[in-house]
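First the proteins, then the strands, lettered A, B, ... as listed; each starts at 1.
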There are 2 protein chains.
Amino acid sequence: MLPEHARAHNRALVLQHLFHEGPTSRADLARATSLTRVTISDLVNVLLAEGLVEELGVQPGRRVGKPAILVGMRTDAYQIVAVDLSDDAVMRGAVMTLTGEAVVRRSLPVAGQVGDELVGLLTRFARTLISAATRPVIGVGVGSPGVVDDSGRVIEAPNRQWTDLPLAAILTDRLALPVHVANDANSAALGEYTYGGAADSMLVLTVGQGVGAGVMVDGSRVHGAVDAAGELGHVTVVDDGELCACGRRGCLETVLAAPALRRAVAGLDPAAADEALAGVGRTLGTALAPVVGALNLGEVLLSGPADLLDGALRTAALQTLTDRTMPATAVGLRLRMATLDEDVVLAGAAVLVLAAQLGVS
Amino acid sequence: MLPEHARAHNRALVLQHLFHEGPTSRADLARATSLTRVTISDLVNVLLAEGLVEELGVQPGRRVGKPAILVGMRTDAYQIVAVDLSDDAVMRGAVMTLTGEAVVRRSLPVAGQVGDELVGLLTRFARTLISAATRPVIGVGVGSPGVVDDSGRVIEAPNRQWTDLPLAAILTDRLALPVHVANDANSAALGEYTYGGAADSMLVLTVGQGVGAGVMVDGSRVHGAVDAAGELGHVTVVDDGELCACGRRGCLETVLAAPALRRAVAGLDPAAADEALAGVGRTLGTALAPVVGALNLGEVLLSGPADLLDGALRTAALQTLTDRTMPATAVGLRLRMATLDEDVVLAGAAVLVLAAQLGVS
DNA sequence: GAGAGCTAGTTAAGACGCTGTACTAACAAA
DNA sequence: TTTGTTAGTACAGCGTCTTAACTAGCTCTC
């Protein structure tokens with residue numbers, strides 16, 4: 001570690017504070033970071049020159065002494081391009097502000113392309129988005145299904161026919177911009193953590209065609225022994241259950257994926273449907289209990305169709321979770337819907353860029 | 001972050017390398033840390049002056065160029081005092097080398113003392129150990145039951161009647177040495193990680209009077225939302241099971257704790273005993289599957305009586321775990337006995353000190 | 001066996017980043 | 001107007017790293 005890394009770290013501290021706490025005076029930044037006012041002034045001057053922050057006039061609160069000048073992050077000065085590959089059939093993308101708001105949205109049908117062809121399609125799609133940006137783009141984030149390592153190499157994504165593909169490196173080269181790739185469910189967790197105000201220790205379950213999970217532990221993303229963390233969808237939860245796409249039986253995905261839930265409630269009257277959903281909720285709660293107990297998670301978030309998830313299912317899952325874990329761990333536990341909905345993965349992809357390029361998350 | 005923090009980090013890098021890789025030349029240290037030879041020489045000189053490292057003569061391998069001088073960590077130059085409070089009835093302690101070997105062992109019956117009285121007893125016990133040390137002591141590590149926060153404050157340890165007790169701060173003050181306190185099962189995980197060669201992502205289950213767990217994720221200890229990570233012993237695993245000490249029913253502890261296992265096999269012939277143990281193993285595997293899937297753990301370690309754990313129970317648990325998780329996550333998974341046995345908690349307590357004082361873990 | 005070539009380690013000078021101290025600027029209260 | 005307080009800046013100094021250039025000590029080659 002070099003002194004200049006310390007500099008980068010301090011710079012990130014300042015940006016992080018401005019990002020989460022909003023406009024702040026140099027003196028307050030100094031107090032918050034426990035650096036001196038001199039150092040902060042220096043850092044702020046650099047950031048001003050880069051256009052990343054701006055002075056916003058005098059702080060309203062009138063106290064004795066010279067009034068403080070507020071410094072704020074220019075979250076609209078730069079943009080991020082984010083791509084969500086979680087859907088088989090369509091590539092979704094957006095140009096986003098640094099605060100995770102989509103400025104431009106695009107989507108592109110994936111007509112069965114896989115392998116290198118899909119990489120080509122993705123490259124063109126990203127180029128379209130980059131040229132649609134109205135501000136300089138600081139980087140590109142991609143949420144992809146499959147196992148993705150820390151460097152953005154897709155170890156394995158069977159449905160895309162990608163194996164050991166250095167996607168981030170390829171795209172960085174082709175787009176001449178920093179590109180970061182992560183698993184889609186992990187992206188979702190990052191998105192909820194940074195933009196959705198989720199707890200430091202939490203798990204996001206993404207329910208769609210399949211079931212994925214992203215885990216944050218003590219404020220950082222879990223990677224796992226072979227970068228395959230979050231494969232909760234293919235944990236067996238029903239003995240001798242339905243056949244799963246993975247070839248095994250009774251995976252969580254076979255009862256919790258959106259199609260499975262729709263089938264389970266099809267043609268039932270509301271009360272019976274709720275009972276069916278509650279049953280799935282209890283199964284989910286039983287599966288989550290050991291995870292919550294072992295990690296002392298503060299929150300579990302559900303992302304997916306609210307009409308199916310946010311009702312009897314959620315209530316039953318929380319009840320089961322509370323029943324099956326220690327009071328000490330269960331007492332503060334929340335089980336709620338994710339706040340970002342459709343855009344979770346895009347937001348998370350943006351956070352990948354934000355974290356890597358500016359040190360903010 | 002200041003330049004001197006970068007310095008401390010680099011110093012820790014050097015020590016970490018010497019600790020795990022053994023004696024190394026300055027030039028090789030430079031290559032390993034990607035610092036320059038100049039910087040490494042400077043750091044090594046400081047460490048030589050402190051007596052933490054020593055020169056060990058010329059490297060045997062004959063190559064061209066000036067022969068390299070090996071620099072090695074003097075793991076016997078300093079000692080660590082470690083205390084294990086996990087047993088209700090007896091306080092176990094040791095003076096340890098930096099490599100985790102117990103040089104002196106002591107134990108002290110705890111005649112029902114609790115609360116402040118127990119703190120007093122612990123203080124005296126630690127003093128005895130400190131004076132039994134044959135080298136300068138760099139710090140004291142304590143593995144305590146209950147919920148312990150990052151600063152060494154015992155949030156809650158019912159059996160010891162400790163609530164919100166700043167144990168590390170009190171002992172640091174009384175002993176005039178750095179004292180670090182952590183939960184006993186978390187200590188065990190640290191011990192196995194550093195001295196037992198465990199994987200970066202792993203879980204240690206401590207089976208004794210009760211059942212505890214410590215989790216390492218991507219090389220760091222899991223703390224959890226309210227510092228209560230690892231409470232796997234009180235996750236429900238049997239519906240309408242036996243009554244547990246915690247007042248609930250069917251906790252993992254009711255089937256996996258050592259007394260429960262002994263009861264389960266009492267009076268059975270070997271084959272029947274194995275079947276009973278395999279049943280517990282299957283229950284354990286079922287409970288662990290979601291944890292292993294969500295975190296992509298590389299290893300699960302069992303610490304406790306080998307005659308009960310290391311047989312049908314372990315085999316059945318591994319089989320169940322493999323059956324109930326995705327092949328991708330299960331393929332590299334190991335489920336084995338912990339290597340440190342009796343001394344796990346002591347070793348972990350030593351690691352607390354090693355990590356905090358020297359940056360080694 | 002003498003020089004060439006290589007590697008280990010040291011010395012010296014310079015760049016960078018933070019701090020402490022001392023300053024100016026701009027306000028409120030007396 | 002004076003005093004006290006807080007915000008922000010200028011400057012010297014220290015700590016830490018790097019590069020460049022050296023010495024030391026070995027092997028290989030002719």
With side chain to side chain contact (heavy atoms under 4.5 Å, CB included) as the test, would you mind laying out the steps for B:V351 and B:R221 before giving the verdict?
CA-CA 12 Å; B:V351 175; B:R221 219 170 99 213; over 6 Å; no
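- Legend: residues meeting side-chain contact (heavy atoms from CB on, under 4.5 Å) with B:N296, ordered by chain and number and at least two apart, are A:A225, A:V226, A:A228, A:A229, B:T329.
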Can you give one letter per nucleotide of nucleotides 20-30 of chain D, going 5' to 3': B for a protein heavy atom under 4.0 Å from the base, S for sugar-phosphate only, - for none?
B---BBBS---
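- Taken residue by residue, residues 15-31 of chain B places no heavy atom nearer than 4.0 Å to DNA chain D.
- Not counting sequence neighbours, the partners of B:V103 by the side-chain contact (heavy atoms from CB on, under 4.5 Å) test are B:Q79, B:T97.
- Under the salt bridge (charged side-chain N to carboxylate O under 4.0 Å, His left out) criterion, no residue pair touches residues 346-358 of chain B, with sequence neighbours excluded.
- Looking at residues two or more places apart in sequence or on another chain, you find a side-chain contact (heavy atoms from CB on, under 4.5 Å) between A:D76 and A:R74, A:R135.
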Pair up each side-chain donor or acceptor in residues 165-175 of chain B with any protein partner under 3.5 Å, not counting sequence neighbours, and list the distances.
residue : atom : partner : partner atom : Å
B:T172  : OG1  : B:A168  : O            : 2.6
B:T172  : OG1  : B:V179  : N            : 3.3
B:R174  : NH1  : B:T123  : OG1          : 3.0

Write down the protein N/O and nucleotide N/O pairs, taken from nucleotides 14-18 of chain C, whose separation is under 3.5 Å; answer none if there are no such pairs.
residue : atom : partner : partner atom : Å
C:dC18  : OP1  : A:N10   : ND2          : 2.6
C:dC18  : OP2  : A:R7    : NH1          : 2.3

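- Considering only residues two or more places apart in sequence or on other chains, B:P23 meets the side-chain contact (heavy atoms from CB on, under 4.5 Å) condition with B:L56, B:L70.
- In this structure, A:I40 atom CD1 and C:dT19 atom P are separated by 9 Å, rounded to whole Å.
- Evaluation of the side-chain hydrogen bond (donor to acceptor under 3.5 Å, both in side chains) test over residues 48-57 of chain B, restricted to residues two or more places apart or in two chains, returns B:R11-B:E50, B:R26-B:E55.
- Of the side-chain N and O atoms in B:S41, none sit less than 4.0 angstrom from OP1 or OP2 of C:dG9.
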Would you list the atom pairs, donor with acceptor, under 3.5 Å between side chains in residues 188-195 of chain B and any protein atom, with sequence neighbours excluded?
residue : atom : partner : partner atom : Å
B:E192  : OE1  : B:T339  : N            : 3.3
B:E192  : OE1  : B:T339  : OG1          : 3.1
B:E192  : OE2  : B:T339  : N            : 3.1
B:E192  : OE2  : B:L340  : N            : 2.9
B:Y193  : OH   : B:D200  : OD1          : 3.3
B:T194  : OG1  : B:L190  : O            : 3.4
B:T194  : OG1  : B:S361  : O            : 2.8
B:Y195  : OH   : B:L98   : O            : 2.9

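- Applying the salt bridge (charged side-chain N to carboxylate O under 4.0 Å, His left out) test to residues at least two apart or on different chains, none of the pairs has a partner in residues 12-23 of chain B.
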